Visitor: 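The structure is given below, and queries will be raised subsequently.
Since we're looking at a predicted model, the values are computed, not measured. One-based numbering, in listed order, for ligands and for the atoms of each.
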Amino acid sequence: MKTIALLASPHRLKGNTAGLMNFVIEGAQKAGAETEIICLDGHNVQACNGCDVCHRNGTCAQKDAFEEIKKKIEQADGVILGSPNYIFSVSAQLKAFMDRCCGIVHCLSFEGKYGASVVTSGGGGDDPIIQYMNRFLLVTGIHPIGGVHATMAALPNGEFTEGIKNRARELGADLVAAWREKRTDPEVTMEMNAFRKRMRELVFWKKEEWTYEYNLWQNRHEEIESAKASEDQRL
Ligand SMILES: Cc1cc2nc3c(=O)[nH]c(=O)nc-3n(C[C@H](O)[C@H](O)[C@H](O)COP(=O)(O)O)c2cc1C
């Protein structure tokens, strides 16, 4: 299993989030995953400028590191997101990346992959951020399997406890297990199906302008219809 770990802290590999993420990676590697960490802070991923070019052409008009990172994710089976809690949300580095994925969200283009989220904070309140990050994974088509977080102020001597380390390692191992067994969670499937329907309607509404996305949805429709036809023939 190829896994990309997107780390969105300005402290990069020396920060708390990297520290916690490393235990997730350790668990994933022990379970057989190949992992690569990408520090968003070290890459130039500018904020989305809302030009809509990705909806028309399938690629972003901005010439920075975004497309390269997108390709790496396309070629991977798993994604681990890591962010510090910045004012009840993710860091600006991660938010910029998320916004640049607008075209991916319209087409759920990362479908078939599995993901998990990692958050650290000074004082807590991380659950809603994990949920937000996992919802982002879901709307790109990635099946989120869970998350792990740590409140630094609550840790003895600022060290991760064995309990937190183990939760992180287990999350990494579970990510690999979910991918191996092609796990589906009925709630995730239901939410993803509802979102897919919404995006299809949105793209069809904008079909004159968002030609790339419209063609993609059209082809998908034909694929589904021909799969249905061959299933009918088989029966
Ligand atoms: C700009 C900024 C905003 C922050 N906002 C919060 C916050 O809202 N709640 C909180 O508990 N900690 C907050 N923190 C603390 C960080 O989340 C915490 O130190 C985190 O572990 C840093 O991770 P890192 O070392 O990977 O960058 C903030 C820190 C910064 C620099």
Side-chain angles (χ1 to χ4, degrees), residues 3-30 33-49 64-66 68-70 72-73 76 78-101 113-140 142 144-176:
T3 304
I4 298 292
L6 276 190
L7 176 62
S9 159
H11 297 124
R12 302 190 191 175
L13 297 175
K14 294 201 163 96
N16 300 328
T17 314
L20 186 56
M21 198 181 216
N22 275 335
F23 292 109
V24 181
I25 289 172
E26 188 188 311
Q29 284 178 342
K30 272 212 175 120
E34 235 180 80
T35 54
E36 181 185 350
I37 302 178
I38 298 176
C39 289
L40 283 175
D41 192 62
H43 286 78
N44 175 21
V45 177
Q46 294 294 310
C48 173
N49 61 22
D64 61 11
F66 173 73
E68 181 200 325
I69 297 173
K70 182 179 108 180
K72 286 200 172 194
I73 293 177
V79 177
I80 303 167
L81 297 179
S83 175
N85 173 340
Y86 272 8
I87 320 295
F88 311 110
S89 190
V90 295
S91 66
Q93 288 86 342
L94 184 56
K95 186 58 168 67
F97 179 81
M98 287 172 160
D99 291 349
R100 294 286 291 281
C101 288
K113 305 179 196 303
Y114 287 82
S117 299
V118 179
V119 170
T120 66
S121 67
D126 305 329
D127 257 336
I129 305 168
I130 292 276
Q131 280 170 33
Y132 174 64
M133 289 159 74
N134 279 346
R135 179 146 172 78
F136 165 74
L137 290 174
L138 186 144
V139 298
T140 64
I142 299 174
I145 59 124
V148 66
H149 58 88
T151 301
M152 301 314 290
L155 300 179
N157 308 318
E159 301 276 331
F160 296 118
T161 61
E162 284 310 308
I164 291 173
K165 288 182 196 173
N166 284 336
R167 272 206 296 284
R169 291 186 187 110
E170 280 161 19
L171 181 68
D174 198 40
L175 180 66
V176 180

Visitor: With atoms numbered from 1 as shown, which atoms in ligand 1 lie under 4.0 angstrom from a non-hydrogen atom of Gly124?
Guide: 11 (O)
Visitor: With sequence neighbours left out, what residues match Phe66 under ring pair (Phe, Tyr, Trp, His ring centres under 6.0 Å)?
Guide: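 Result, ring pair (Phe, Tyr, Trp, His ring centres under 6.0 Å) vs Phe66: Phe97.
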Visitor: Sequence neighbours left out, cut at 3.5 Å: what donor-acceptor pairs do the side chains of residues 39-49 make with other protein atoms?
Guide:
unit_1 : atom_1 : unit_2 : atom_2 : d
Asp41  : OD1    : Gln93  : NE2    : 2.9
Asp41  : OD2    : Arg12  : NE     : 3.0
Asp41  : OD2    : Arg12  : NH2    : 3.2
His43  : ND1    : Cys39  : O      : 2.9
Asn44  : OD1    : Gln46  : NE2    : 2.6
Asn49  : OD1    : Cys51  : N      : 3.3

Visitor: Run the numbers for me: atoms of ligand 1, each under 4.0 Å from some heavy atom of Phe88, listed by number.
Guide: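 Reading through ligand 1 atom by atom, the close ones are 8 (O).
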Visitor: Out of Thr120, Ile87, Asp41, whose heavy atom sits nearest atom 23 (O) of ligand 1?
Guide: Thr120
Visitor: Report yes if Gly123 has an N/O atom closer than 3.5 Å to an N/O atom of ligand 1; otherwise report no.
Guide: yes
Visitor: Starting from atom 26 (O) of ligand 1, which protein heavy atom do you reach first, and at what distance in Å?
Guide: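 Ranked first by proximity to atom 26 (O) of ligand 1 is Thr17 OG1, 2.6 Å.
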Visitor: Can you tell me which residue and heavy atom of the protein come closest to atom 22 (C) of ligand 1, and the distance to 0.1 Å?
Guide: Pro84 CB, 3.6 Å
Visitor: Does a side chain donor of either Ser9 or Thr17 reach within less than 3.5 Å of an acceptor in the other side chain?
Guide: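 Result is no, nothing qualifies.
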Visitor: Atoms of ligand 1 less than 4.0 Å from Met152 heavy atoms?
Guide: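 Listed by number with element: 21 (O).
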Visitor: For atom 30 (C) of ligand 1, what is the closest protein heavy atom, and at what distance to 0.1 Å?
Guide: Tyr86 CE1, 3.2 Å
Visitor: Quick one: which ligand 1 atoms are inside 4.0 Å of a heavy atom on Ser9?
Guide: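 Once the distances to Ser9 are compared, the set is 24 (P), 26 (O), 27 (O).
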Visitor: Could you tell me the separation between the CD atom of Gln29 and the OG1 atom of Thr35, rounded to the nearest 0.5 Å?
Guide: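 Between Gln29 CD and Thr35 OG1, I get 3.5 Å after rounding to 0.5 Å.
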Visitor: Quick one: pull up CD1 in Ile142 and OH in Tyr114 and give me the separation to the nearest 0.5 Å.
Guide: 11.5 Å
Visitor: Mind checking the CD-CZ spacing from Glu162 to Arg167? Nearest 0.5 Å is all I need.
Guide: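 The CZ atom of Arg167 is 12.0 Å from CD of Glu162, to the nearest 0.5 Å.
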Visitor: Could you tell me which atoms of ligand 1, counted from 1 in the order shown, lie closer than 4.0 angstrom to a heavy atom of Gly122?
Guide: 10 (C), 11 (O), 12 (N), 15 (C), 16 (C), 17 (O), 18 (C)
Visitor: Distance under 4.0 Å to a non-hydrogen atom of Gly15: what atoms of ligand 1 satisfy this?
Guide: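 Numbered from 1, ligand 1 contributes 25 (O), 26 (O).
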Visitor: Find the distance between CG (Leu171) and CG (Asn166) and round it off to the nearest 0.5 Å.
Guide: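 So the gap between those two atoms works out to 12.5 Å.
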Visitor: To check you understand the geometry: which heavy-atom pair defines the closest contact between Leu175 and Ala116, and what is its length?
Guide: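 Scanning both residues completely, I find the closest heavy atoms to be CD1-N, 4.3 Å.
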Visitor: Given Asn85, Asn16, Leu7, identify the one with the heavy atom nearest to atom 6 (C) of ligand 1.
Guide: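 Selected option, by shortest heavy-atom distance: Asn85.
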